[in-house]
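Right, one structure below, let's go through it.
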Amino acid sequence: QQQQQHQHQHQLVASTKSTATSQWFERGVSEIRSQLCAEVDQKLQLLAEEFAPLIAASTGEHAASQERARAAIQQPRGGKVFAPRESRLTNMLQVAEFRTIYNIFLVVLIILGLQTMANDVTEMGSLWAAFNFSVLTYAFGQLSVYVAAWVGMFLQVTAMFVVFQQWAVHRRANDKGYGVLFVVHMVGFSVWPFVVVMQYQLPPASALVVTCEQVRLMMKMYSFVRESVPLVRSRRALPGFTEADLQSCGIDFSHYLYFLFAPTLLFRSSYPTTPKVRWNVVFVNLAQVVFCLFYMHYIFVRFCVPQFQHMGTQAVHVQTFVNSVFSSMLPGTLVLLLGFFCILHSWLNMWAELLRFADREFYKDWWNSKNFAMYYRTWNVVVHDWLYTYIYSELIHAGIKFFSVKIVAMLTVFVISAVIHEYVIFCAIGFFYPILLLMFGGVGVFFIYLTRHQQSQAWNVFMWLMLFAGTGLLMVLYSAEWYARKNQLAANDPGPWFYWPPYSVRTHWVWDLPGRA
C-alpha cells in the first residue's frame with residue numbers, strides 16, 4: 001500500500017512537471033510566433049513601400065493596355081491606337097548621360113555663334129555686325145504673304161467642313177455630287193498655294209512653311225472625310241437623324257478644329273489627353289525651336305555660304321566636287337538632326353502640350369535602325385501612320401492579283417512620299433532639281449532590299465554612313481545649284497527654261513581628273 005501511494009505521488013509530480021514544461025513550451029512558442037509575425041509584418045510593410053511605385057506603374061500599364069484593347073475594337077481596319085505616352089527623347093533626356101549630350105550640342109551652338117560674331121566684327125569693323133542675321137531674316141522674308149496664304153487655306157478647310165455637315169444631315173443628298181465637289185476642292189487646294197509661292201517668289205523658309213501647311217491640311221482633310229463618311233452613312237439611315245446626332249458621333253466643328261491643330265494626321269472623335277497644360281514644357285519646347293533655327297543659321301553661314309557663294313562664276317572640277325561632298329557631310333548631318341529635333345520633337349511636343357494631347361510618339365528610336373525599312377518606319381511616325389493607314393493598308397485590302405500586293409503597296413507609298421518631298425523642295429528653292437526624288441525613290445528603295453534581313457550592329461554603322469554621305473551630297477548639289485542660278489540671275493536674263501534643267505551641271509561642272517591633259 002505504501003508502495004502504491006509512493007507511485008501515485010511520483011506520477012503526480014511527473015504530471016505536474018510535464019504540465020509545467022508543456023506550459024513553458026507553449027509560452028515560448030507563442031512568444032516566438034508573435035515575434036516572427038511582427039518581423040514578417042514589418043518586412044512586408046517595407047517591401048510594400050519599396051515596390052509601391054512599381055506596383056502602381058504595372059497597374060497603370062495594365063489599365064492602359066485594357067484601354068488600348070478596348071480602343072482597338074473601335075478603331076478602323078489598319079488604324080492607329082492612340083494611348084498616353086511620351087516622346088523617346090523626353091524620356092531619354094531625363095537620364096544624366098543623355099542630358100550631357102544635349103548640353104554638348106548647346107555648347108557647340110554657343111561656340112558657333114561666338115565664332116560667327118567674332119568674324120563679322122573683325123571683317124566689318126563694327127560691334128553691331130555681331131548681330132547680323134541676314135540669312136535668317138531673308139529665309140523667313142515676306143511674312144505678310146505667307147500669313148495671308150495660311151489664313152486663306154484655313155478658311156478653305158473650314159468651308160469644307162460646312163459642306164460636309166450639310167451633306168451629313170440631309171439623307172437625300174447626292175453622294176456622287178458631293179464626292180465630285182470634294183475632289184474639285186482638293187484639286188483647287190493643291191494648286192492655289194503653289195501659285196502664291198511662285199507668283200510672289202517666296203524665300204526658302206517662307207515657301208517651305210506654306211507648302212508644308214498645304215500638304216498637312218490636305219492629309220488632314222482626307223483623313224477626316226475617310227473616317228467620318230462611313231460612320232455618317234451608317235447613322236444617316238436612321239429616322240430623324242439631325243445635326244445633334246452628328247455631334248453625338250464626335251463629328252462637330254469643335255472636334256474638327258481640335259484635329260486641325262493636333263499633332264496627328266489621323267482623325268478620331270476623341271484622343272487621350274493630359275490633366276492640364278504644363279506651361280513650362282510649352283516654353284521650353286518653343287525655346288528649343290528658336291535655338292534650332294539659330295543653330296541652322298550659323299551652320300549655313302559658317303559652312304555653306306563661304307563654300308558655294310561663288311558658284312556660277314567659275315568652273316568646278318571633279319576634285320573640288322569630291323572635297324566639297326566630304327566637307328559638307330558633318331554640316332549636312334547636323335542640319336538633318338536639328339530639323340528632326342526642331343520639328344518632330346520640339347514643335348510637335350509644344351502643340352501637344354498646348355492641346356493636352358497625350359500620345360506623343362511622333363517618332364521612334366530610328367537612330368538604332370539596322371535596316372532602312374525600320375529607319376523609314378520610325379523616322380516620322382506621324383506621316384508613316386497616315387501613309388500606312390490610307391495608302392498601304394488600302395492597297396493591301398484591295399486584293400491586287402497580278403503582282404505581289406505588298407511590293408506594289410510599298411512602292412506606291414515610296415513614290416507618293418518621294419513626289420511630295422520633291423514638290424516641297426521645288427517650292428522652297430524655286431527650281432526643279434530632282435536629286436532628293438532620285439535618292440529617296442531610287443537609292444532608298446534599293447537600300448531597303450539590301451538591308452531588309454540585317455540585324456547586326458554593323459548595319460547600323462552602314463545606315464549612319466549612308467546618312468552622312470547622302471546629306472553631304474544633297475547639301476553640295478542643292479547649294480551649288482542655288483548659288484549658280486542666283487549669280488546667273490544677277491548677271492543677265494536666263495530665259496524661260498532657267499527653272500527646270502540643272503543649271504550648274506550643264507554650265508560649270510568640269511568632269512576632268514587631276515593630271516589629265
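It should be emphasised that the depicted structure is a prediction, and the values quoted were computed from it without experimental measurement.
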Do side-chain atoms of Ser417 reach the backbone of Val413 as a donor and acceptor pair under 3.5 angstrom? no
Rounded distance [0.5 Å steps], CE in Met153 versus CG in Leu260: 12.0 Å
Is Trp351 close to Asn285 at the side-chain level, that is, under 4.5 Å between some pair of heavy atoms? no
Which heavy atom in Pro230 sits nearest to a heavy atom in Val225, and how many Å separate them? CD-O, 4.3 Å
What do you reckon, are the aromatic ring centroids of Phe414 and Tyr376 less than 6.0 Å apart? yes
Could you report the tightest heavy-atom contact between Val163 and Leu181, atom names first, then the distance? CG1-CD2, 3.7 Å
Counting distance only, does the side-chain N/O of Asn380 pair as donor-acceptor with the main-chain N or O of Val382 below 3.5 Å? yes
Would you verify whether the NZ or CZ of Lys220 falls within 45 degrees of the ring axis of Phe259 while also being under 6.0 Å from that six-membered ring's centre? yes
Go through Thr264 and Asp359 one step at a time and tell me if the side-chain contact (heavy atoms from CB on, under 4.5 Å) criterion holds. CA-CA 9 Å; Thr264 179; Asp359 192 344; over 6 Å; no
Do Val381 and Phe362 have side chains that get closer than 4.5 Å, going by heavy atoms? no
Do Tyr375 and Trp367 pass the ring pair (Phe, Tyr, Trp, His ring centres under 6.0 Å) test, and can you show the C-alpha distance, the side-chain angles, and the key distance before you say yes or no? CA-CA 8 Å; Tyr375 167 73; Trp367 46 86; over 10 Å; no
Any side-chain to backbone donor/acceptor pair from Thr471 onto Leu467? Under 3.5 Å, distance only. yes
Looking at Phe300, I'd like to know if its CZ atom is crowded, meaning that more than 12 non-hydrogen atoms belonging to other residues, nucleotides or ligands lie closer than 6.0 Å. no
Is it true that Phe164 and Tyr178 have ring centroids separated by less than 6.0 Å? no
A side-chain contact here means heavy atoms from C-beta on lying under 4.5 Å apart; do Pro203 and Phe140 qualify? no
If we ignore hydrogens and angles and just use 3.5 Å, is the side chain of Ser324 paired with the main-chain N or O of Val476 as donor and acceptor? no
Considering non-hydrogen atoms only, spot the tightest contact between Tyr258 and Leu355 and give its length. OH-O, 3.0 Å
Any side-chain to backbone donor/acceptor pair from Tyr271 onto Arg268? Under 3.5 Å, distance only. yes
Min side-chain heavy-atom separation His297-Val301 under 4.5 Å: yes
Check: Thr378/Tyr363 side-chain N/O donor and acceptor closer than 3.5 Å: no
Phe182 atom CZ, neighbour heavy-atom count above 12 within 6.0 Å: yes
Ring center gap for Tyr146 and Trp150 short of 6.0 angstrom: no
List the steps, then state whether side-chain contact (heavy atoms from CB on, under 4.5 Å) holds for Glu394 with Tyr388. CA-CA 8 Å; Glu394 295 291 342; Tyr388 179 83; over 6 Å; no
Do Met221 and Phe189 touch side chain to side chain, with heavy atoms closer than 4.5 Å? yes
Thr412 and Val408 have their tightest heavy-atom pair at OG1-O, 2.6 Å
Heavy-atom pair of closest approach, residues Met439 and Gly470: CE-CA, 3.6 Å
Mark yes or no for whether Tyr478, through its side chain, and Leu436, through its backbone, hold a donor-acceptor pair below 3.5 Å. yes
Under a 3.5 Å distance rule, please check whether Ser206 uses its side chain to pair with a backbone N or O of Gln142 as donor and acceptor. no
Hey, does Gln214 have a side-chain heavy atom less than 4.5 Å from the side chain of Tyr423? yes
Please report the interatomic distance CG(Leu257) to CZ(Phe154), rounded to the nearest 0.5 Å. 5.0 Å
Run the numbers on Glu422 and Phe432 for side-chain contact (heavy atoms from CB on, under 4.5 Å), then give the verdict. CA-CA 8 Å; Glu422 188 59 39; Phe432 181 68; 4.2 Å; yes
Is the centre of the Tyr433 ring less than 6.0 Å from the centre of the Phe426 ring? no
Salt-bridged, Lys276 to Glu353, with N to O below 4.0 Å? no
Is there a side-chain contact between His421 and Leu437 in this structure, where contact means two heavy atoms from C-beta onward sitting under 4.5 Å apart? no
Measuring from atom OH of Tyr390 to atom OG of Ser223, what distance do you get when rounded to the nearest 0.5 angstrom? 3.0 Å
Decide whether Tyr256 and Gln165 meet the rule of one side-chain donor and one side-chain acceptor closer than 3.5 Å. no
Is there a side-chain contact (heavy atoms from CB on, under 4.5 Å) between Leu265 and Asp385 once you walk through the steps? CA-CA 8 Å; Leu265 298 175; Asp385 288 338; over 6 Å; no
So, Gln288 and Tyr295: side-chain donor and acceptor under 3.5 Å apart, yes or no? no
Close side-chain approach of Arg85 and Arg360, heavy atoms under 4.5 Å: no
In Å and rounded to the nearest 0.5 Å, what is the CG to CD1 distance from Leu387 to Ile416? 7.5 Å
Lys NZ or Arg CZ of Arg99 over Tyr102 ring: under 6.0 Å, within 45°: yes
Between CG on residue Asn349 and CG on residue Leu354, distance to nearest 0.5 Å: 11.0 Å
Can you say whether the rings of Phe224 and Phe267 are parallel (under 30°), tilted (30 to 60°) or perpendicular (over 60°)? perpendicular
Looking only at side-chain N and O atoms, does Gln156 offer a donor or acceptor that is under 3.5 Å from a partner on Trp192? yes
Look only at the side chain of Ser479 and the backbone of Cys304, and say whether a donor-acceptor pair between them is shorter than 3.5 Å. no
Distance in Å, Lys364 NZ paired with Arg88 CZ, rounded so as to fall on 0.5 Å steps: 7.5 Å
In short, Thr274 meets Arg356 closest at the heavy-atom pair O-NE, 2.7 Å
Please answer whether the main-chain N or O of Leu208 pairs with a side-chain N or O of Thr211 as donor and acceptor at a distance below 3.5 Å. yes
Parallel, tilted or perpendicular: which describes the rings of Phe431 and Trp482, with under 30° parallel and over 60° perpendicular? tilted
Taking Ser328 for the side chain and Val325 for the main chain, is one N or O donor matched with an acceptor at less than 3.5 Å? no
